[in-house]
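Values in this document were obtained by computation on a predicted structure and should not be read as measured data. The chains referred to below are lettered A, B, ... by the order of the sequence lines, with proteins before strands, and numbering in each begins at 1.
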Amino acid sequence: MAPVPPRSLLPVLLSFLAVSFPFLPLPTARADPAADLVAELEALRAQSPLGVIHLDDRAVSRFLASATSPRPYSLVVFFDAAQLRSKPELHLPQLLSEFGLVSAAFATHHSSDPASLSRVFFCDIEFGESQQSFALFGVSSLPHVRHVGPAARNLKDSEQMQQSDFSRLAESMAEFVEAKTGLPVGPIERPPAISGRQMVLMAAAVLVSAPFLIRRVLLGDTFVHDRKIWMAGAVSVYFFSVSGTMHNIIRKMPLVLTDREDPSRLMFFYQGSGMQLGAEGFAIGSLYTVVGLMLALVTRGLVHVRNPTVQRALILVAMLVSFWAVKKVVYLDNWKTGYSVHAYWPNTDQHRSILSPAQRGQPLEARSCPSRTSFSKACVLDLILRQPLDGLQDDHSVAAVAGEGNDNVAGITT
Amino acid sequence: MAVAEEAKGAPSTLRNAFGNVLCFFALLLIGVLAFSIRLFSVIKYESVIHEFDPYFNYRVTQYLTKSGIYDFWNWFDDRTWYPLGRVIGGTVYPGLTLTAGSMWWLLNSLNIPLSVETVCVFTAPIFSANAAWATYLLTKEVKGTGAGLTAAALLAMVPSYISRSVAGSYDNEAVNTSSIFSEGCIRIKFLDCVHYAFSVFCLGRQFHLESCCVDIKHWVSLLCYIKCSIVCSWGGYTFIINLIPMHVLLCIVTGRYSSRLYIAYAPLVVLGTLLAALVPVVGFNAVMTSEHFASFLVFIIIHVVALVYYIRGTLSPKMFKVATTLVLTLGICCNTHCIGGFQSNKRMERAKSNTYASKYIPIIASVSEHQPPTWPSYFMDINVLAFLVPAGIIACFSPLSDASSFVVLYIVTSVYFSGVMVRLMLVLAPAACIMSGIALSEGFDVFTRSIKFQLPKLLENPSSAGDSTSESSTVQNGPKADKHLAAAKSEDITKERNSKKSKRKEKEKEKEVSEKISSKTRREKRLLALPLEASVVAIVLIVLLGSFYVIHCVWAAAEAYSAPSIVLTSYSHDGLHVFDDFREAYSWLRHNTEVDDKLGQPCLPQKSQLGTFSIPWTSNMFLLCLEVLLATLVMILTNFFGWFALEGRDGQYRIDSHATPTMLNSLMYKLSYYRFVETDGKGFDRVRRTEIGKKHFKLTHFEEVFTTHHWMVRIYKLKPPKNRIRGKLKKSKSSSKSSAANTSKTRQNPWN
């Protein structure tokens, strides 16, 4: 065969080879090492439930490194590492199962067409047992998916899937495989969240409990009928919203940060209004909520108490708690945003607005944020590293670092 | 107190009348407050329209007043979004412009010659007064006059709403809030009124509301008008049209179904949808998109429920049970077969998952007012109301009526959505005002009652109790008067609210229940008092809290929200600086260009305000603009924020020496920083705090014709083709050092 056939010829040649292999008589197949490899790969694939072949160093050298190119098959390799599976930000287990889905989808789509089925094999390889292969591929970061085409001689030349494509999971992997091999993968079928047996069990449970439930519903005796549950629900929705929980979820904010200079100290509050930490939000949310609850307690509950002394004591407690909560929120808001409540008077120039006009309409929102779209953890850390921290731990009322607004990080330690 | 109880008949009527008059004047003052707190921008600056979007609305309104409504619907504006133009009638929510246009028309026909601009500037404050009054009506339905007045006063100055409705901000949100309110209150009002038509419906007649009952017709049409006006004014109407089905569903589930509910809801859906579909920008979306499906689903449900109630009336209880079992069995079997997922769209997805937008709609996620808020936002936007809301929620649950369940639903949904997006704080603010109004009023009620009952004992002078209340408690006279009246006579004909109620069976039942409750509380009321001195302290604290709120609101109105962004000011150590560069540039253009001269502006698309068009579309438009620009452009205009320290919104493009060559050779960069180095010799960009990357360069195809005082706007003229000879162009004294590199680069870049 010519050393490297022209690219346009390659698919034709390959498909010819692939189509012809199954129909070749057995002795010839034995004689042809490539057909042998295909048969071996198919046998390996048959052993795995999802059709993902597990490779090790020996297999890599057998099927890829030592096999003469062009090979009659291409491999799509998923690089896995057992030691990194526990890292949540890499999503390795999830990606591996998605990879399996792609493999299964490919197998079902081409089940009637063994020729094309034997042209693409899905494999995974684990770092711990096949370090040499990782070096051979030149893979140094995970997650990583590579397509080793039939013509690839040096494994480092094989095509790599873009990091950004991992976000869309199996769909983008399928697109990658389709683009590189030219074969359609077919629709990806995810297993239902609940298996059939669980379904039956649940249905049975529902059926058994239905008469009792219906009876209770008719009697108006369930917790759904309890007004207090709904009241608590409404108040808790309020609590979670005003504490900025949505912000924490969307931005994936941590509950607390560790202090950069003194790792043993934890930072609960973040200075600068564009961002907040989890614990901070819940603390303020409960301050917001507790005042209303105290007022409700006094106006709804306390009036029914007959003993004036108890009334006096409780109302005093309620007032103190409310006063403290409001004062604390005002103080913290002042500390965080730099805005202190003061009366407006036209001549007091020294109390001028800290807002620049460009922020009209979004008061105190997302000011001086380096990145508004993706506030990832990395960004948080970056911010902290960028900002000078000198002396902030002891003095909360430090003025803003020149010009940068108020995005200083400071720790309020417990 | 005994004396007061004794005084029946005439004195209590008088007292009630006095309460009503007081209430009226309080409302009037609240309206004045709501209007005047928004005038800071006019007083501090001048009577101009703020920001850039409102100018677009203003332009549309001008056209409307000049050419009339039909031309307005068919108007194709070839000047907006040049060179594509824009079909105004089909893409604009017309509520705002139509309102302002008709206000202008009305004033002019009364021979009050105001300019369109003046009307537009003051539209928002006028509507905030309306919103305050509507809040009063809604809250009154929930918890009585006192709560209504308190809530109205709170809403009149809530900072979140002020931010959208200062004089001059002529934008859709300003009008919408008041419409939402009117909708809410009229809906609940409507529940009270519709039983007039009950017989009409029950007898199975046709739905001849118009002929049967004037009252019904009035309310139905008003309701539909308001729904229509909401649809007209803002894309955010989705919130309210989903809230109402939810409330109806809640009423059905909690067993509060009644014919009143049916009549209040079904015509709303039918007529409202028809009317909404008449607005071109909504059109068939009113029936096609999934954000409207909730109302249709509930429409079906309410009919099923109505049918069930009807059948229950005709069948014996046993037969009814059999029928229920049969229908349920069949229904469940059928349902399991045909559960089809229905198409969900972006808004629904966003509602379902709070991270949806940030993942899948980058342009929405990138706008700063679409960010999820942190806790200081709540403090800034609703201030102390954030503390009071939980008390209001608890008050609404005891007792839970149709009206109060609506309000609870409103606050819960709006507070959730406000957590997802800062902008929706605007929807939360009214709900928070209602809740806090209820809470405050309840607090005042309890504490003043305690004082009132115990002070006379202390002084042994019972007669002086009633009138010695402070200003804050005058607000409370309303509900007290109501209660006293209810205590005095069961007929309560004079009571405004009840006068409209007829003596239908179920209504009476309901009333009996409520009477029972209220009489029970009344009986207990003598015991329900708190210690005198504690009450006094508590009232002082609440008043303090209230004054804190007022101070904050006035500050927010005066300082944070009143700057029109076409005129900017800044305070530095050497005093006040006014930046009026935009208008300077525009008047220069007005005097120096012809009508048909084309003007280009290189900028990055920043806002999502382009309606349904996304980033690719915008950039296509931009490229197209550039093509046209080369062919026909006379002037090019650059907004440049490098010279004075306004925090730009342009993200993180580097313009220093490490910037990409593409950036340094871009048209935007060159037009922005042309001759910039001459200002201070170094070319230091004060906003980005860096020296610019490329200081000396020449422009090949453009000639600087005008730069405003603070360098915010720069205008360049495209040279005529004959002058396109490289190298002979500049009279600028830029050093020739960079010219060699410049020429080589201009060869690659045909734009410069």
Side-chain angles (χ1 to χ4, degrees), chain A residues 227 230-231 234-235 237-238 241-247 249-250 273 275-276 281 284-285 288-289 291-293 295-296 298-300 302-304 306 308 311-312 315-316 319 323 326 329 333 336-337 341-344 349 352-353 355-358 360-366 370 372-373 403, chain B residues 163 354-355 358 362 365-366 368-369 371-380 386-391 393-395 397-398 400 408 412 415-416 418-420 422 439 442-443 446 528-531 534 537-538 541 545 548 551-552 554-555 558-561 563 565 568 571 646-647 649 652 689:
Chain A
R227 191 180 293 157
W230 292 99
M231 192 163 80
V235 173
V237 167
Y238 180 79
S241 294
V242 290
S243 34
T245 314
M246 248 51 97
H247 172 272
I249 294 172
I250 293 173
S273 61
M275 226 171 80
Q276 70 173 30
I284 306 291
Y288 275 147
T289 317
V291 177
L293 292 182
L295 185 59
V298 170
T299 54
R300 295 262 148 200
L302 215 53
V303 284
H304 296 287
R306 281 165 192 274
Q311 278 186 333
R312 265 189 201 102
I315 201 171
L316 190 70
M319 283 192 296
F323 189 77
V326 174
V329 169
D333 184 66
K336 194 175 171 77
T337 64
V341 176
H342 55 261
Y344 169 74
D349 275 4
R352 282 303 169 182
S353 160
L355 297 176
S356 72
R360 222 184 133 272
Q362 49 271 320
L364 300 170
E365 265 343 291
R372 285 169 188 169
T373 42
Chain B
S163 74
N354 52 21
T355 53
S358 56
S366 67
S368 67
E369 58 179 21
Q371 302 302 312
T374 50
W375 66 264
S377 310
Y378 288 93
F379 192 76
M380 177 72 197
F387 294 112
L388 297 171
V389 170
I393 294 176
I394 290 170
F397 269 95
S398 48
L400 196 64
V408 168
V412 167
V415 82
Y416 169 75
S418 77
V420 179
V422 172
E442 187 152 278
V446 170
L528 296 187
L530 295 166
V537 177
L541 279 184
L545 198 70
F548 185 81
I551 288 172
H552 171 83
V554 172
W555 172 82
E559 294 285 359
Y561 292 130
S565 52
L568 309 169
Y571 296 92
L646 169 74
E647 280 181 67
R649 292 199 220 169
Q652 329 125 47
R689 298 178 186 288

Open item on the list: For chain B, which candidate among A/A296, A/S241, A/G244, A/A234 shows the most heavy-atom pairs at distances under 4.5 Å?
Closed with: A/S241

Task: Residue among B/F379, B/W375, B/Y378 with most heavy-atom pairs under 4.5 Å to chain A - done: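 Going by pairs under 4.5 Å, I would pick B/W375.
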
Task: Steps toward side chain to side chain contact (heavy atoms under 4.5 Å, CB included) verdict (B/L545, B/L388) - done: CA-CA 10 Å; B/L545 198 70; B/L388 297 171; 4.0 Å; yes

Got a second to check how far [X]'s [atom1] is from [Y]'s [atom2], nearest 0.5 Å?
X      : Y      : atom1 : atom2 : answer
A/M275 : A/H247 : CE    : NE2   : 7.0 Å
B/L530 : A/T299 : CG    : OG1   : 9.0 Å
B/I394 : A/M231 : CD1   : CE    : 5.0 Å

Open item on the list: So which atom in A/P308 and which in B/P531 form the shortest heavy-atom distance, rounded to 0.1 Å?
Closed with: O-CG, 3.8 Å

Task: Which atoms of B/V446 approach chain A - backbone, side chain, both or neither, heavy atom under 4.5 Å - done: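 It is the side chain, since no backbone atom gets that close.
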
- [ ] Name the region of B/L541, side chain, backbone, both or neither, that has any atom closer than 4.5 Å to a heavy atom of chain A.
- [x] side chain

Task: Over 12 foreign heavy atoms within 6.0 Å of CZ, A/F323 - done: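 No - once you tally the heavy atoms of other residues, nucleotides and ligands closer than 6.0 Å, there are 12 at most.
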
Give, as side chain, backbone, both or neither, the part of [X] having an atom under 4.5 angstrom from any heavy atom of chain B.
X      : answer
A/L302 : both
A/I284 : side chain
A/R300 : side chain

